[in-house]
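Positions are given from 1, in the same order as the sequence printed here. Numbering of ligands and ligand atoms starts at 1, following listing order. Computation of the quantities below employed the complete heavy-atom set of this structure, encompassing side-chain atoms and omitting hydrogens, waters and symmetry-equivalent molecules.
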Amino acid sequence: MNMAGSVTIREVALRDGLQSEKGFVPTDKKLALVEALHQAGVKYIETTSFVSPKAIPQLSDATELMARVKREGLCHEVMVPNIKGAARAIEAGANRLVVFVSATDAHNRANVGHSVTESMSGFSDIFLLAAKEKVPAAGVIAVAFGCPYQGVVPREDVLEIAKRFISLGADRLSLGDTTGMANPARIRQTVTFFREKLPDTPLCLHLHNNRGIAMANLYAGYLAGVTIFDTSLGGIGGCPNVPQAAGNLATEDVVFMFQEMGVETGIDLPALISAARTLENILGRPLPGQVMKSGAI
Ligand code: ZN
């Protein structure tokens with residue numbers, strides 16, 4: 001067991017969360033959310049994605065948002081699907097690019113219309129541009145713990161994709177449980193395997209809560225040595241195309257757990273709960289987060 005004294009939280013509500021919403025959240029409200037997260041001490045935010053506005057209209061204000069967003073003390077990480085998006089994101093001042101691929105051909109084809117190999121070869125240009133512009137870039141591997149089309153995903157396959165990302169220059173890897181198919185034992189085995197094979201690359205977990213065990217999965221990841229976790233304010237998002245399923249782990253629930261365990265997150269829980277309430281007001285419906293309802297102890 002590897003119980004780190006501090007962990008890093010990456011807030012994904014602005015991107016993963018809002019892209020699952022039916023309506024467009026106005027830029028001013030997104031800016032207010034970023035401010036509330038900053039007030040709570042959140043430092044890493046997946047702020048937006050430079051995708052086609054036709055594909056994801058909820059994030060069509062990426063350029064304007066990045067032009068107006070608070071910079072001081074914040075790392076704005078931006079998802080990019082291709083070289084065009086990467087160029088726009090760098091131009092807009094992204095502090096880190098996030099490049100994603102699925103672990104299986106079936107899911108990657110459903111998501112972006114390419115095989116894994118086709119996607120990965122398209123990433124060379126992105127990482128070359130990022131290196132030239134001195135912007136770090138991270139790799140994300142979706143459905144790393146199970147694919148809705150192909151079932152179990154061999155961890156060796158995931159490792160091969162991870163090695164490819166590292167050879168391209170990725171400074172961090174994220175493993176995504178995109179449809180909530182992981183369990184704590186599988187998380188422990190996979191994380192242990194990755195830490196053995198790729199000990200120098202920081203590892204992040206992105207865990208969806210479709211089946212209600214994402215918090216157990218997160219804790220298993222923490223015990224196995226992961227110190228970076230993606231979470232979403234209020235627990236929004238996580239499942240585009242699956243509106244009835246539960247979404248991400250709520251940032252405030254995860255921060256509460258770590259705080260009660262004496263693990264430092266650098267985040268102020270009451271201020272974070274207030275940010276979750278701000279988000280609830282913006283969206284106009286009750287959010288899945290638990291601690292925002294029960295309060296801190
Ligand atoms: Zn997600």
Atom name in His206, limited to N/O/S, at shortest distance from the Zn ion (ligand 1): NE2
Under the salt bridge (Lys or Arg N to Asp or Glu O under 4.0 Å) test, residues paired with Asp28 that sit two or more places apart: Arg68
Metal proximity, Asp230 vs the Zn ion (ligand 1), N/O/S cut-off 2.8 Å: no
Atom name of the N, O or S atom in Asp16 that lies nearest to the Zn ion (ligand 1): OD2
Cationic N near anionic O, under 4.0 Å, Glu280 to Arg285: no
Face-on cation placement of Arg186 at Phe145 ring, 6.0 Å and 45° thresholds: no
Show me the side-chain donor-acceptor pairs of residues 260-275 shorter than 3.5 Å, one per line, residues at least two apart or across chains.
unit_1: Glu264; atom_1: OE2; unit_2: Gly266; atom_2: N; d: 3.0
unit_1: Thr265; atom_1: OG1; unit_2: Ile267; atom_2: N; d: 3.1
unit_1: Asp268; atom_1: OD2; unit_2: Ala271; atom_2: N; d: 3.0

Atom of His208 nearest the Zn ion (ligand 1) (restricted to N/O/S, atom name only): NE2
